[in-house]
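Shown next, in structure tokens, is the structure this report addresses.
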Amino acid sequence: MTPPALSIRPFQPSDAHAVVQLWHDCGLTRPWNDPYKDIARKLTVQPGLFLVGTSGYAVVASVMAGYDGHRGWVNYLAVAPGYQRRGYATTLMQAVERQLVAIGCPKINLLVRSGNHAVVAFYEKLAFRQDEVISLGKRLIPDSAATAPAS
């Protein structure tokens, strides 16, 4: 049986709880990062680059992207575990790539947690390659009392 097609649309505020649950189900959340605050922040900057995928009325996928004038960034690409391996992640990435190209974005960067070899392999199939860089980060506004690990 052919799985239903994924419908893609911009995120709507009423999607917040479903999207956060999706991120939890996919292991994308961390105690020091409030996903609701991430959503609220994204809705203030390029909200059209925050997409959800639906099957019927259910939110089953998401991707959050941005463009800073130099590089595009992709975050929170997620497909609900029961809907994986149907091409939905690829479809979402293609949709967000089209949007980024349309606004003049020459390159996409993204971060994958070390050791997540399956996700690296997925992105490699989409022609992403590892850049020879070291990612550094600095928290400016803490989301919670929990702190990120040192490494």
Side-chain angles (χ1 to χ4, degrees), residues 3-30 32-55 58-81 83-143 148-149 151:
L6 185 70
S7 296
I8 299 173
R9 62 170 171 75
F11 172 90
Q12 299 168 2
S14 60
D15 298 324
H17 295 302
V19 167
V20 170
Q21 185 62 54
L22 170 69
W23 295 348
H24 281 295
D25 294 346
C26 292
L28 298 180
T29 59
R30 294 296 183 263
W32 57 87
N33 222 46
D34 182 332
Y36 289 100
K37 288 181 180 178
D38 283 350
I39 289 170
R41 291 173 182 133
K42 178 61 191 162
L43 294 179
T44 69
V45 181
Q46 300 171 327
L49 291 175
F50 187 4
L51 304 176
V52 296
T54 60
S55 178
V59 172
V60 299
S62 75
V63 65
M64 185 187 284
Y67 177 49
D68 62 14
H70 182 66
R71 296 284 187 257
W73 285 89
V74 170
N75 297 289
Y76 287 118
L77 176 65
V79 175
Y83 291 81
Q84 294 176 0
R85 305 261 183 232
R86 298 181 183 190
Y88 290 176
T90 299
T91 300
L92 267 177
M93 282 299 294
Q94 290 168 341
V96 84
E97 286 179 17
R98 283 190 301 273
Q99 285 187 287
L100 288 167
V101 167
I103 59 175
C105 177
K107 183 180 186 229
I108 296 174
N109 285 56
L110 52 85
L111 301 172
V112 176
R113 289 192 176 95
S114 58
N116 198 340
H117 304 294
V119 170
V120 170
F122 164 76
Y123 283 116
E124 286 175 340
K125 287 180 185 176
L126 298 180
F128 282 80
R129 299 293 173 255
Q130 183 174 344
D131 288 336
E132 296 301 318
V133 298
I134 296 172
S135 175
L136 303 173
K138 178 181 177 181
R139 171 76 61 187
L140 298 175
I141 301 172
D143 281 359
S151 57

Identify the heavy atoms of [X] and [Y] that sit nearest to each other, and give their distance.
X	Y	answer
Arg71	Pro106	NH1-CG, 4.4 Å
Gly66	Leu49	CA-CD1, 3.9 Å
Pro35	Val20	CG-CG1, 3.7 Å

(message) Using modelled atom types and a 3.5 Å cut-off, is there a donor and acceptor pairing between side-chain atoms of Lys37 and backbone atoms of Arg41?
(response)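 Not a single qualifying donor-acceptor pair exists.
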(message) If the condition is salt bridge (Lys or Arg N to Asp or Glu O under 4.0 Å), which residues does Arg139 pass it with, not counting sequence neighbours?
(response)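 In terms of salt bridge (Lys or Arg N to Asp or Glu O under 4.0 Å), with neighbours along the sequence ignored, Arg139 is linked to Asp143.
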(message) Using the salt bridge (Lys or Arg N to Asp or Glu O under 4.0 Å) criterion, which residues pair with Lys125? Sequence neighbours excluded.
(response)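 For Lys125, no residue satisfies salt bridge (Lys or Arg N to Asp or Glu O under 4.0 Å) once neighbours in sequence are set aside.
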(message) Holding to side chain to side chain contact (heavy atoms under 4.5 Å, CB included), I want the full list of residues that pass it with Ala89, two or more places apart in sequence or in another chain.
(response)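 Ala89 satisfies side chain to side chain contact (heavy atoms under 4.5 Å, CB included) with Leu77, Val79, Phe122 once adjacent residues are dropped.
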For residues 90-105, which side-chain donor-acceptor pairs fall under 3.5 Å, sequence neighbours excluded?
| unit_1 | atom_1 | unit_2 | atom_2 | d |
| --- | --- | --- | --- | --- |
| Thr91 | OG1 | Gly87 | O | 2.9 |
| Gln99 | NE2 | Gly48 | O | 3.2 |

What donor-acceptor contacts under 3.5 angstrom involve side-chain atoms of residues 5-13, with partners at least two apart or in another chain?
| unit_1 | atom_1 | unit_2 | atom_2 | d |
| --- | --- | --- | --- | --- |
| Arg9 | NH1 | Asp15 | OD2 | 2.7 |
| Arg9 | NH2 | Asp15 | OD1 | 2.9 |
| Arg9 | NH2 | Asp15 | OD2 | 3.4 |

(request) Could you grab the distance from atom NE2 of His24 to atom OG1 of Thr29, nearest 0.5 Å is fine? (result)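 Between His24 NE2 and Thr29 OG1, I get 4.5 Å after rounding to 0.5 Å.
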(message) Working to the nearest 0.5 angstrom, can you tell me the gap between Leu28 CG and Tyr76 OH?
(response)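 Result: 7.5 Å between the selected atoms.
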(request) Answer yes or no: is there a side-chain heavy-atom contact under 4.5 Å between His17 and Tyr36? (result)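 With C-beta onward as the side chain, the pair touches.
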(message) The test is side-chain contact (heavy atoms from CB on, under 4.5 Å); show your working for Ile39 and Trp23 and say whether it passes.
(response) CA-CA 12 Å; Ile39 289 170; Trp23 295 348; 3.6 Å; yes
Enumerate, atom names and distances included, each donor-acceptor pair closer than 3.5 Å involving a side-chain atom of residues 126-135, sequence neighbours excluded.
| unit_1 | atom_1 | unit_2 | atom_2 | d |
| --- | --- | --- | --- | --- |
| Arg129 | NH1 | Glu124 | O | 3.1 |
| Asp131 | OD1 | Lys107 | NZ | 3.4 |
| Asp131 | OD2 | Lys107 | NZ | 2.7 |

